[in-house]
Amino acid sequence: MSPKPLEQVTLADLATKDDLKDFVTKDDFASFRQEVRQEFRAVRQEFSQELGSAVNLIMGELGKMAARQEEMAGTLARLVARSEGVTP
């Protein structure tokens, strides 16, 4: 059997029907792509919600720290005033 010129080579020359049976069709690919997009949207929404919760938690902790600093500043001011003989 002599080799064919490259222009005459077809897919049937390169692969058997069994080789091609697991290939994906355009419809299969479109369906899979749609499923992936939906899953990505769901994951993105869940991530956004978790990120929002984390930000709220951090902001709450920062608020607590600011309140503690104010309380400590007041206590320090009273101690300094007391040590300098100033009484409220």
Side-chain angles (χ1 to χ4, degrees):
M1 180 179 212
S2 64
K4 289 183 176 182
L6 187 58
E7 300 84 33
Q8 295 176 359
V9 174
T10 63
L11 185 57
D13 296 327
L14 302 175
T16 66
K17 187 176 181 178
D18 287 338
D19 293 334
L20 300 176
K21 72 179 181 181
D22 292 326
F23 276 145
V24 176
T25 65
K26 287 182 182 180
D27 292 337
D28 292 338
F29 181 72
S31 174
F32 176 72
R33 185 175 62 189
Q34 184 64 25
E35 289 175 25
V36 169
R37 284 182 177 170
Q38 288 173 351
E39 183 67 23
F40 180 74
R41 281 187 205 113
V43 168
R44 187 175 65 191
Q45 183 178 9
E46 183 179 338
F47 177 75
S48 294
Q49 290 171 348
E50 288 183 22
L51 182 61
S53 296
V55 167
N56 289 337
L57 180 64
I58 290 169
M59 294 302 289
E61 290 301 315
L62 288 174
K64 289 178 189 177
M65 290 171 66
R68 282 188 216 118
Q69 283 183 333
E70 277 189 43
E71 184 180 333
M72 291 170 68
T75 302
L76 181 60
R78 284 191 300 275
L79 289 173
V80 168
R82 189 178 297 164
S83 72
E84 293 178 352
V86 177
T87 56

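The structure displayed is predicted, hence computed values, not measured ones.
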Review point. Above 12 or not: heavy atoms from other molecules or residues under 6.0 Å from CD of E70?
Key: no
Review point. Take atom CD in Q38; do more than 12 heavy atoms of anything else shown fall under 6.0 Å from it?
Key: yes
Exercise for review: Report yes if some heavy atom in the side chain of R37 is under 4.5 Å from a heavy atom in the side chain of R41; otherwise report no.
Suggested key: yes
Check your understanding: Do K64 and R68 have side-chain heavy atoms sitting under 4.5 Å apart?
Key -> yes
Point to revise | Under 3.5 Å: donor-acceptor pair, side chain of S31, backbone of D28 | key: no
How long is the straight-line distance from [atom2] of [Y] back to [atom1] of [X], given to the nearest 0.5 Å?
X	Y	atom1	atom2	result
M65	I58	CE	CD1	11.5 Å
F40	F47	CZ	CZ	10.5 Å
L51	R44	CG	CZ	13.5 Å

Check your understanding: Do the side chains of L62 and V55 join up, straight or via other hydrophobic residues, at under 4.5 Å, putting them in one cluster?
Key -> yes
